**Student:** 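This is the structure I want to talk about, given as structure tokens.
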Amino acid sequence: MTETKRQLPSKYDHKEVERDRYTFWVDGEFFKATNDETKEPYSIVIPPPNVTGRLHLGHAWDTTMQDTIARMKRMQGYDVLWLPGMDHAGIATQAVVEAELKKEGKSRYDLGREKFVETVWEWKDEYANFIREQWGKLGLSLDYSRERFTLDEKLSDAVQEVFIRLYEKGLIYRGEYIINWDPQTKTALSDIEVIYEEVEGKFYHMRYPLKDSDEYIEIATTRPETMLGDTAVAVHPDDERYQHLIGKKVILPIVGREIEIVADDYVDMEFGSGAVKITPAHDPNDFEIGNRHNLERVLIMNEDGTMNENAGKYKGLDRFDCRKQIVQDLQEQGVLFKIEDHVHQVGHSERSGAVVEPYLSTQWFVKMQPLADRAIELQKSNDKVNFVPERFEQTYLHWMENIRDWCISRQLWWGHRIPAWYHNETGEVYVGKEPPKDIENWTQDEDVLDTWFSSALWPFSTMGWPDEESEDFKRYFPTDVLVTGYDIIFFWVARMIYQSLEFTGKKPFNDVLIHGLIRDSEGRKMSKSLGNGVDPMDVIDKYGADALRYFLLTGSTPGQDLRFYWERVEAIWNFANKIWNASRFVLMNIDDMEYDDIDLSGELSLADEWILTRLNKTIEHVTHNTDKYEFGEAGRYLYNFIWDEFCDWYIELSKLTLQGKDEKKKQTTLSVLAHVLDQTLRMLHPYMPFITEEIWQMLPHDGESITVQAWPKVNEQFTNEEAVEKMEKVMNVIKAVRNIRAEVNTPMSRKVTMYIKATDEMNEAQLEASRHYIERFCNTDELTIAQTVDVPEQAMSAVVTGAEIFLPLEGLIDLEEEIARLEKEREKWESEVALVDKKLSNDGFVKNAPEKVVEAERKKRVDYEEKLRLIEERLAQLKK
RNA sequence: GAGCCGUUAGUUCAGUGGGAGAGCGCUUGCUUGACAGGCAAGAAGUCACUGGUUCGAAUCCAGUACGGCUCACCA
């Protein structure tokens, strides 16, 4: 149905255009995967955002790319599933809720585990709604009927299944090791959750006295408080300085413990004094050395980072207060004799920012080597995961090749509880989905799993796995593409790949499209502390989701970072406004035209043929580049086609026909206008879904929504390169005239007399055929087109390919200036001719360059020389 | 210490073997009946540097400088 009167306001109102549209799409079920067997499936799973809060520009970027792909594939006839969902984000969410509780002066312990988890669920529900609302504002074509949450019953079942199978296979084990401990959130962390930052610290040099001797051994440390847990001093076995000391005892200052001097290859003789204090309970290397030498492990800290009873008089002090105190004490005792400034890397918790403590603790681990081997093997096969851009495959492989075991237990309450029970008396471990039968004798592990343990299963747990017969799993897994930032290749992409290989035997996705980070206009990371974050919802409010999306899609190339610029978003709003007004023009002219009235079989004007040819080129280019995920290139091409070619040229050219008397031609041109706009809107739709749907609905159309219309195809019938060449010739004449008129300040509104001297019969005929365009665009009152023209001296001239143009503008022309101008022109063409000649007289060029290139140069020479000849003739005439 | 990315117009970024491009900004002119958030014309760049490959390099290779990122157990 199309209304008879199509009146649009002259200003594009993004709020009006975007309001209610999302509801229309969702209610119409246009985004629902159909399981239609006649179509090929295409699937994407969303990287599930954390339920901790609002989406930021990074999310907007990531999801917009996915939406663009999904919308295009849908239009290309695929049965598209884009599966939405969210991540419980264990530590992040728990930290946020705990912070909220703290405001009320409460801690999670005040509530107890059950009540606390309940509170987090409430929080989750609230924020999940926020997130859905934001997805809607962005216009994401998600299939909500399949929305998942990592803590859903089915997904939790998948998590347990994976844990148990890995345990039974010996790929999950429990043990006491040095892990990264966050004393603030009081949980273990995996290696990648630790962020190393350069810190200006101190290097403390100490002398440990030997037992029954006056000798000392010199050691140095950045963490003096750990000396309370020292159980040895190590030197290199080949170090001549210390040969006589190996096996001797040292009296540990303050503590008074006797500790041994051991020999170990790990020690670097060149570094410092060549002797190292060994604290097996607080340093991973020392732990290893401790194992080799059977050393005692003395833990000196509590879980909250305060000192424990093994710290003697320092018990109860915070680790950093203890450091100050112990430094003072050791200095007084003469043990600590030198303090140097020392810049070194200190690990911080990714979430809480607290300084991470290497800490001896019993945790669960995934044995990585066998899983990693399989993933590395995959990349050597023909069936590998394609990273876009390719270089990220190296990043990924490097990490996989240097993999270390993954600590997966977290001392948190929010997450998947570890399905392990310990026998109260025997300490026996039981792992299984169901609790042991004599449950009263068993205690379940208190810990939950690293949140990434469940996200690693996302592409298949969301599709119904472990039920491998479930319809979605069979149809939509493996997925086609995963879109994510380079910052989580290790956290997530890598883990999905090896878990998927292990449990489904397939890679989880064909392609991984990697993007960068969003930065502010000065190139800084957006962060809360800098206060330079931009809320995508503010951008949408000011300029609309379409403008934001187009900005995100075209602002950078794959893998590069993107700076946010309000000015650019505004410029894109202008583009939307341009499209709006071009459409307004079309709608004003087509009256009650229906979709079936669009008829391109009539006599096409030169401009019609030109724009249809250009449309084909655009379809080809945009399709090809969007397929390659080159949204920037595709978007720019479309932008230029719409603005420069369709609006600035074709609409203007079409006015001639529309204002003419020939009704048949008029109908054809109207059809071309409607057709080109329709096809253009379809191509633009994945980029700017709202405005394109709005306009498409007002245009003559067939169907309920543009979201499910067919993607444009090249129509060879309308490719006419000859027409393009002719049209360009006319455009060059028009541009040259505009140029001259600008030179002498003759407004385009003033009518002029004009002569065109064509160089030959063909050019004359072609230009004559386009007389109406030239008359109109050059605003002539009298136009002569001929091979010989009688031109008054008082005229300005210009040469174009195939013709010379004369504008007699008596009174406006200064003959001297005109001569000077033409001489400059002559110089220009002389140097151009020289350049071409240089190339063509180079044997190497003529012999080696492709025939096409050489031919083009020859054509240029003919053209340039003719231009030069015409200018010289004119100059001779003027100088006479 | 290892690896990766970037260096192109005032600015933010495209381009990637055959004559330097876009948006914004700047200059000039336009009440052109879709749009003044517009139209038209223009100024503006030894494409970081040095070598090499090539008939031809901003584009490929090697190195240098500067900026940024990632990984790595140096006490």
Side-chain angles (χ1 to χ4, degrees), chain A residues 8 10-12 178 192 196 203 219-223 226 234 266-268 270-279 283-288 344-345 358 389 391-392 394-395 398-399 402 486-487 489-490 516-517 519 521 523 525 551 554-557 559-568 570-589 630 632-633 635-636 639-640 643-644 647-648 651-652 655 659 734-735 738-743 745-749 776-777 779 832 835-836 839 842-850 852-854 856-857 860:
Chain A
L8 264 64
S10 73
K11 192 180 140 177
Y12 159 62
I178 298 284
I192 49 176
Y196 286 90
F203 211 23
I219 55 98
T221 180
T222 52
R223 295 185 296 153
T226 59
Y266 163 75
V267 180
D268 177 0
E270 309 298 317
F271 190 82
S273 66
V276 191
K277 63 190 272 302
I278 302 299
T279 324
D283 184 279
N285 295 310
D286 294 6
F287 177 79
E288 295 297 329
H344 62 136
Q345 303 276 325
R391 65 187 139 92
F392 289 107
Q394 299 313 313
T395 312
H398 182 258
W399 190 72
N402 296 281
Y486 58 65
D487 51 332
I489 293 176
F490 306 143
L517 257 43
R519 298 174 177 279
S521 59
K525 265 189 189 177
F551 166 77
T554 60
S556 89
T557 36
Q560 283 321 113
D561 288 350
L562 169 63
R563 291 195 193 193
F564 182 84
Y565 266 91
W566 282 106
E567 293 86 342
R568 228 185 98 66
E570 191 182 342
I572 295 162
W573 186 98
N574 290 347
F575 174 50
N577 188 53
K578 188 76 186 174
I579 296 164
W580 182 261
N581 276 291
S583 307
R584 187 163 165 258
F585 171 80
V586 174
L587 290 165
M588 280 166 68
N589 283 286
E630 292 280 357
E633 184 54 30
R636 270 184 299 276
Y639 182 102
N640 290 329
W643 201 311
D644 300 344
C647 294
D648 288 346
I651 285 185
E652 294 307 322
K655 286 174 185 172
Q659 286 155 15
I734 294 166
K735 282 186 209 164
R738 280 174 178 166
N739 217 326
I740 296 175
R741 296 182 64 148
E743 196 94 20
N745 275 334
T746 320
M748 286 306 294
S749 54
R776 162 87 172 214
F777 283 84
N779 199 20
E832 292 293 346
L835 207 81
V836 176
K839 276 194 185 180
N842 180 343
D843 276 350
F845 174 76
V846 180
K847 243 198 290 182
N848 297 316
K852 247 173 84 181
V853 176
V854 180
E857 290 298 317
K860 271 187 210 166

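Chain naming here is simple, since letters A, B, ... match the order of the sequence lines and numbering starts at 1 in each. This one's a predicted model, so the numbers in the text were calculated from it and none came from an experiment.
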**Student:** Need one value for A849(A): base, sugar-phosphate or nothing, where a base atom within 4.0 Å counts as base even if backbone is also close, heavy atoms only.
**Tutor:**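 Contact class for A849(A): base.
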
**Student:** Given rC55(B), is OP1 or OP2 found less than 4.0 Å from the side-chain N or O atoms of N848(A)?
**Tutor:**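 Yes.
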
**Student:** Is the distance from OP1 or OP2 of rG23(B) to the nearest side-chain N or O of W566(A) less than 4.0 Å?
**Tutor:** no

**Student:** Any side-chain N or O of K655(A) below 4.0 angstrom from OP1/OP2 of rA34(B)?
**Tutor:** yes

**Student:** With respect to the phosphate group of rU32(B), does any side-chain polar atom (N or O) of S749(A) fall under 4.0 Å of OP1 or OP2?
**Tutor:** no

**Student:** When you compare the ring of W573(A) with the six-membered ring of rG37(B)'s base, are the centres less than 5.5 Å apart and the planes under 30° from each other?
**Tutor:**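 The ring of W573(A) is stacked on rG37(B).
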
**Student:** Is the distance from OP1 or OP2 of rA34(B) to the nearest side-chain N or O of K11(A) less than 4.0 Å?
**Tutor:** no

**Student:** Side chains of R568(A) and T554(A) only: does a donor on one sit below 3.5 Å from an acceptor on the other?
**Tutor:** yes

**Student:** With no hydrogens and no angle check, just 3.5 Å: does a side-chain donor-acceptor pair link D561(A) and Y486(A)?
**Tutor:**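 The answer is yes; a qualifying pair exists.
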
**Student:** With ring centroids as reference points, do Y565(A) and F551(A) lie under 6.0 angstrom apart?
**Tutor:** no

**Student:** Between R519(A) and P284(A), which residue's closest nucleotide on RNA chain B lies nearer the 5′ terminus?
**Tutor:**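 Between the two, 5'-proximity favours R519(A).
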
**Student:** At under 4.0 Å between heavy atoms, what does D487(A) touch on the DNA or RNA strands: base, sugar-phosphate, or nothing?
**Tutor:** nothing

**Student:** Pairing of RNA chain B as dot-bracket, 5' to 3': ( ) intra-strand, [ ] crossing, | other strand, . unpaired, with Watson-Crick or G-U pairs under 3.5 Å?
**Tutor:** ((((((((.[[[[.)..(..]]]].(((((.......))))).....[[[[[..)....]]]]])))))))....

